[in-house]
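The block underneath contains the structure these notes are about, expressed in structure tokens.
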Amino acid sequence: QLEFITPFQLYFNPDLIFRKFQIWRLITNFLFFGPLGFSFFFNMIFLYRYCRMLEEGSFRGRTADFVFMFLFGGFLMTLFGLFASLFFLGQAFTIMLVYVWSRRNPYIRMNFFGLLNFQAPFLPWVLMGFSLLLGNSIIIDLLGIAVGHIYYFLEDVFPNQPGGKKLLLTPGFLKMVFDTPEEDPNYNPLPEDQPENQPGDQDQNQQQHPQ
């Protein structure tokens with residue numbers, strides 16, 4: 001908005017990425033949502049709301065898995081962007097988060113601006129219809145729905161099918177960086193670190209058994 005940089009320095013351009021080594025475009029194309037306006041604030045609200053609900057809900061205590069979903073979705077969208085001449089993928093990323101949340105909360109009733117009442121799984125399609133009414137291309141919304149469905153199917157559906165297995169395995173380095181290490185059940189703390197030897201416990205014992 002302050003014109004320190006322009007959208008032309010941010011948009012997804014495979015030629016500039018691979019020939020000019022402008023690698024930042026792989027990330028910045030997800031971070032631009034257009035000029036300040038209704039569409040910008042609409043995307044910000046939905047991105048914040050459903051990202052937070054996923055993080056505090058089905059991904060609670062699983063930060064590495066949450067980050068891996070970001071990387072997986074971004075990778076698939078980037079692959080599609082190579083062939084579809086898409087310049088900015090931030091809205092598709094938002095729709096992906098909405099789709100995953102809606103499928104994991106199928107019985108929640110939604111209300112859209114007081115006009116429509118529906119179950120949560122219909123929310124991505126309602127947003128796509130709203131985007132169409134605003135005159136925007138629905139290709140981005142369809143991409144977000146498609147990537148969200150691929151993630152949901154591989155993570156939640158296929159492993160529970162007969163003969164199915166978990167295909168999306170979070171890399172160990174992400175768990176090492178983002179998840180707190182599990183306590184070793186065989187770890188034997190030093191005597192001074194054991195709870196029964198804490199100063200407060202000793203004072204309590206002296207009060208109970210005065211000499």
Side-chain angles (χ1 to χ4, degrees), residues 29-31 33-34 38-81 84 86 88-171 174-175 178-180:
N29 78 91
F30 287 99
L31 305 179
F33 291 87
F38 181 80
S39 180
F40 174 85
F41 289 109
F42 189 79
N43 275 285
M44 288 295 98
I45 291 172
F46 273 78
L47 180 63
Y48 169 78
R49 175 178 173 83
Y50 291 97
C51 188
R52 177 178 178 175
M53 287 197 293
L54 278 174
E55 187 176 11
E56 295 180 349
S58 58
F59 285 101
R60 187 176 186 86
R62 300 168 52 217
T63 304
D65 295 337
F66 192 49
V67 173
F68 182 63
M69 180 186 69
F70 278 34
L71 297 176
F72 177 79
F75 175 74
L76 288 185
M77 292 176 194
T78 300
L79 283 182
F80 188 85
L86 298 177
F88 295 104
L89 299 171
Q91 184 174 333
F93 189 84
T94 301
I95 295 295
M96 179 194 75
L97 296 178
V98 171
Y99 185 91
V100 174
W101 176 86
S102 68
R103 294 304 298 265
R104 288 182 172 178
N105 299 272
Y107 301 111
I108 293 182
R109 295 286 297 175
M110 308 291 296
N111 184 281
F112 192 73
F113 291 131
L115 301 175
L116 294 174
N117 292 294
F118 50 87
Q119 300 289 109
F122 291 101
L123 179 59
W125 304 100
V126 172
L127 294 180
M128 186 181 71
F130 184 70
S131 181
L132 186 63
L133 289 177
L134 292 178
N136 300 326
S137 172
I138 63 173
I139 298 297
I140 290 291
D141 298 77
L142 288 174
L143 175 60
I145 290 173
V147 173
H149 182 74
I150 291 172
Y151 177 84
Y152 170 75
F153 179 81
L154 294 178
E155 180 71 12
D156 295 7
V157 178
F158 184 70
N160 298 318
Q161 298 296 316
K165 63 178 181 179
K166 188 174 177 63
L167 298 177
L168 296 181
L169 301 176
T170 302
L174 288 180
K175 291 183 176 292
F178 293 104
D179 289 348
T180 55

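Across all their heavy atoms, Y99 and G148 have their closest contact at CD2-C, 3.4 Å. For the pair R103 and P106, the tightest heavy-atom approach, listed with the atom from each and the gap, is O-CD, 3.7 Å. The two atoms that bring P159 and F153 nearest to each other are CD-O, 4.0 Å, heavy atoms only.
With a 4.5 Å cut-off on side-chain heavy atoms, V147 and F80 do not count as touching. Using a 4.5 Å heavy-atom cutoff, the side chains of C51 and F66 are in contact. Taking 4.5 Å as the limit, every side-chain heavy atom of S39 sits out of range of all side-chain heavy atoms of F33. Counting heavy atoms from C-beta on, the side chains of T78 and F30 come closer than 4.5 Å. In this structure the side chain of L97 never reaches within 4.5 angstrom of the side chain of M53, judged on heavy atoms. Between L76 and Y151, the closest side-chain pair of non-hydrogen atoms is not below 4.5 Å. Counting heavy atoms from C-beta on, the side chains of M69 and L54 come closer than 4.5 Å. Between T94 and M44 there is no side-chain heavy-atom pair separated by less than 4.5 Å.
With hydrogens and angles disregarded, no donor-acceptor distance shorter than 3.5 Å links the side chain of S131 to the backbone of L127.
Between D156 and R104, at least one side-chain N (NZ, or NE/NH1/NH2) sits under 4.0 Å from a carboxylate O, which counts as a salt bridge.
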Taking it one step at a time, do F42 and F130 satisfy ring pair (Phe, Tyr, Trp, His ring centres under 6.0 Å)? CA-CA 11 Å; F42 189 79; F130 184 70; 5.2 Å; yes

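Dense packing is recorded around NZ of K166, with more than 12 heavy atoms of other residues, nucleotides or ligands lying under 6.0 Å away. Annotation for Y48: atom OH does not count as buried by contact number, only 12 or fewer foreign heavy atoms lying within 6.0 Å.
Atom CZ in F178 sits 13.0 Å away from atom CZ in F68 (nearest 0.5 Å).
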